[in-house]
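Letters go in sequence order (proteins before strands), and every chain restarts at 1.
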Protein chains: 2
Amino acid sequence: MTGFKSQDEFYEAGDRVYLPHLSVDCVIFGFHENSLKVLLLKWKNGPWCLPGGFIKHKESLDQSANRTLKERTGLTEIFLKQFHAFGEPDRENGKRAKGSWIGKRFITVGYYALVEYSKVFPEPDLLSSECKWFDVNAVPDLIYDHNQIMNKALETLRLSLNDHPVGYNLLPEKFTMPQLQKLYETILGETLDRRNFQKQMIALDVLIRLNERKTGGAHKAPYLYRFDKRKYDKAMKQGLRLSF
Amino acid sequence: MTGFKSQDEFYEAGDRVYLPHLSVDCVIFGFHENSLKVLLLKWKNGPWCLPGGFIKHKESLDQSANRTLKERTGLTEIFLKQFHAFGEPDRENGKRAKGSWIGKRFITVGYYALVEYSKVFPEPDLLSSECKWFDVNAVPDLIYDHNQIMNKALETLRLSLNDHPVGYNLLPEKFTMPQLQKLYETILGETLDRRNFQKQMIALDVLIRLNERKTGGAHKAPYLYRFDKRKYDKAMKQGLRLSF
DNA sequence: TCAAAAGTGTTTCGGATACACCCATGA
DNA sequence: TCATGGGTGTATCCGAAACACTTTTGA
């Protein structure tokens, strides 16, 4: 919605700029303080919702989702994956304003994104008053079917752990093994054995252990790791076979 | 497209009946003579394509796909699953007739279906001259990005084998273990060990061995099996953990 | 010195794989 | 009788899971 100066101007633009009846919604995941977060928007005087956008006439679905993501987080070139299209005719529950372009029925294509929490500076859009992170286990009631969309995204992410490594997009460049484990645990919603987890991760052959330890915390200082991007990408493409 | 008497009438109907810019395409899989087949349509004087349809104003995506499927195969209540939305702005390669409603850019939602070959009586639609089965390994050049759509469907089906049983929708009610194995082999594109395959299938606990054998063929008569629908559905929901 | 977190290795178990022999049938 | 396909069981191996002790650190 960048480029519009007001809500009215945006509403008025309608079909001139965007395809009718179509939107994308992004479930943006981040990881902070050992828990998985989702970025949500709050409508002015309204409910919370997923950040979403519309599709320009000469834009692909992926481009539209990337644009939305950039507008809300400032990030580009982040991990973004389409997971499902939602198209019940009553998915908005009759709650869209009638008459205007935006009052039409919408089919929305869901994307989920994995972003590095600390690099994100949440920005509300024209229609919103707030943009902030929520713990995935404490998401409020969202507008329309957005809770369902967000749950489906989480489920998809969970299933993808068996086939693809995760972390490059969610963790800072250097991180510790316990941090990585917490990430997996929060996505999966269950605890894992430290020793077995470490063995599996090492076996993936996508990690490089640095000659540094994370100092500052109490207790024994853990090693720092970073991903071997080359091998990580290869594992991403080929698929893995883990079992969590 | 049922209900229209001519191509012109259908084209003219446009937005009045369907959402603009949106379609569904179905990759319909069947199993016959030990190989996996896809149902394709041939445009009048044109290329082959996937059977597709459009979305009525008060219809969900799933309903639209089901309707399309019914129109082409006569089948209802078959296995149908959304797998991806395709939305490149140039996915039609500029090959759509300009001007008319159908000449607009389309985002299409891909579904794949698993149907019982022998129950299908392929019917062309208004725009088509033929509707017939092709071996998945001998699919001709299709219109637009339909080859890509069909490949993505096949890939999705392949991956789903690790998590879900398959066969109930593709095989006749009674079938033999070698038939079931062939089904898996054609989907996967590789051969499997007879004895191990049987053990795995039995272990899934979704099969019932009947006290009948398939007679008529040469050689030793194989047992007939059928699925235990209750257990099959349960396995479908819960997910399995196989590894092919 | 103690509590809490992190590093590390071994044993066990189960499922996947590899593999061979006998049986039934029609040609 | 023989070629072909179908039925069945066992030995092996590898990866997953279970599991305990030592080390470091700040409080």
Novice: If the condition is ring-ring contact (aromatic ring centres under 6.0 Å, His included), which residues does Phe106(B) pass it with, not counting sequence neighbours?
Specialist: Phe54(B), Trp101(B)
Novice: Salt bridge check, Arg230(B) against Asp228(B): does any charged N sit closer than 4.0 Å to a carboxylate O?
Specialist: no
Novice: Produce the list of close N/O pairs, under 3.5 Å, pairing protein atoms with atoms of nucleotides 1-6 of chain C; give distances to one decimal.
Specialist:
residue, atom, partner, partner atom, Å
dA4(C), N3, His219(A), ND1, 3.2

Novice: Atom CD of Gln198(A) and atom P of dA20(D): how far apart are they, to the nearest Å?
Specialist: 18 Å
Novice: Holding to ring-ring contact (aromatic ring centres under 6.0 Å, His included), I want the full list of residues that pass it with His219(B), two or more places apart in sequence or in another chain.
Specialist: none
Novice: Specify whether Trp48(A) and Phe134(A) have parallel, tilted or perpendicular ring planes, treating 30° as the upper limit for parallel and 60° as the lower limit for perpendicular.
Specialist: perpendicular
Novice: Can the ring centroids of Phe227(B) and Tyr232(B) be said to lie less than 6.0 angstrom from one another?
Specialist: yes
Novice: Tell me the interatomic distance from Lys214(A), atom NZ, to dG26(D), atom C1', rounded to whole angstroms.
Specialist: 16 Å
Novice: Between Asp233(B) and Lys229(B), does any NZ, NE, NH1 or NH2 come within less than 4.0 Å of an OD or OE carboxylate oxygen?
Specialist: yes
Novice: Under the side chain to side chain donor-acceptor pair (under 3.5 Å) test, which residues partner Lys70(A), sequence neighbours left out?
Specialist: none
Novice: Restricting both atoms to N or O, compile the protein contacts to nucleotides 10-15 of chain C shorter than 3.5 Å, with distance only.
Specialist:
residue, atom, partner, partner atom, Å
dT10(C), O4, Lys199(A), NZ, 2.8

Novice: Atom pairs, N/O to N/O, protein against nucleotides 14-16 of chain D, distance under 3.5 Å?
Specialist:
none

Novice: Any chance you could lay out the side-chain hydrogen bond (donor to acceptor under 3.5 Å, both in side chains) test for Asp62(A) and Tyr111(A), step after step, and finish with the verdict?
Specialist: CA-CA 9 Å; Asp62(A) 287 1; Tyr111(A) 280 79; 2.5 Å; yes
Novice: Using a 3.5 Å limit on both distances, find every run of at least three consecutive Watson-Crick or G-U pairs that involves DNA chain D.
Specialist: C:1-27 with D:1-27
Novice: Nearest whole angstrom, please: distance from the P of dG7(D) to the CG of Asn211(B).
Specialist: 14 Å
Novice: Can you list everything that forms a salt bridge (charged side-chain N to carboxylate O under 4.0 Å, His left out) with Glu88(A)? Sequence neighbours excluded, please.
Specialist: none
Novice: If you look only at distance, which donor and acceptor atoms sit under 3.5 Å apart when one is on a side chain in residues 152-167 of chain B and the other is two or more places apart or in another chain?
Specialist:
residue, atom, partner, partner atom, Å
Thr156(B), OG1, Lys152(B), O, 2.7
Arg158(B), NE, Ile187(B), O, 2.6
Arg158(B), NH2, Ile187(B), O, 3.3
Ser160(B), OG, Leu157(B), O, 2.8
Asn162(B), OD1, Phe244(B), N, 3.2
His164(B), ND1, Met236(B), O, 3.0

Novice: Whole angstroms only, please: what is the CD-P distance between Gln181(B) and dG6(D)?
Specialist: 9 Å
Novice: What's the CG-C1' distance between Asp193(B) and dT17(C), to the nearest Å?
Specialist: 8 Å
Novice: Rounded to whole Å, how long is the line connecting atom CG of Leu192(B) with atom P of dA16(C)?
Specialist: 13 Å
Novice: Which residues pass the salt bridge (charged side-chain N to carboxylate O under 4.0 Å, His left out) test with Lys42(B), not counting sequence neighbours?
Specialist: none
Novice: Quick one: which residue pairs count as a ring-ring contact (aromatic ring centres under 6.0 Å, His included) with a foot in residues 136-162 of chain A, not counting sequence neighbours?
Specialist: Tyr144(A)-His146(A)
Novice: Among residues at least two apart in sequence or on other chains, which ones pass salt bridge (charged side-chain N to carboxylate O under 4.0 Å, His left out) with Glu212(A)?
Specialist: Lys174(A)
Novice: Tell me which of Arg195(A) and Tyr225(B) sits closer to the 5' end of DNA chain D, going by the nucleotide each one is nearest to.
Specialist: Tyr225(B)
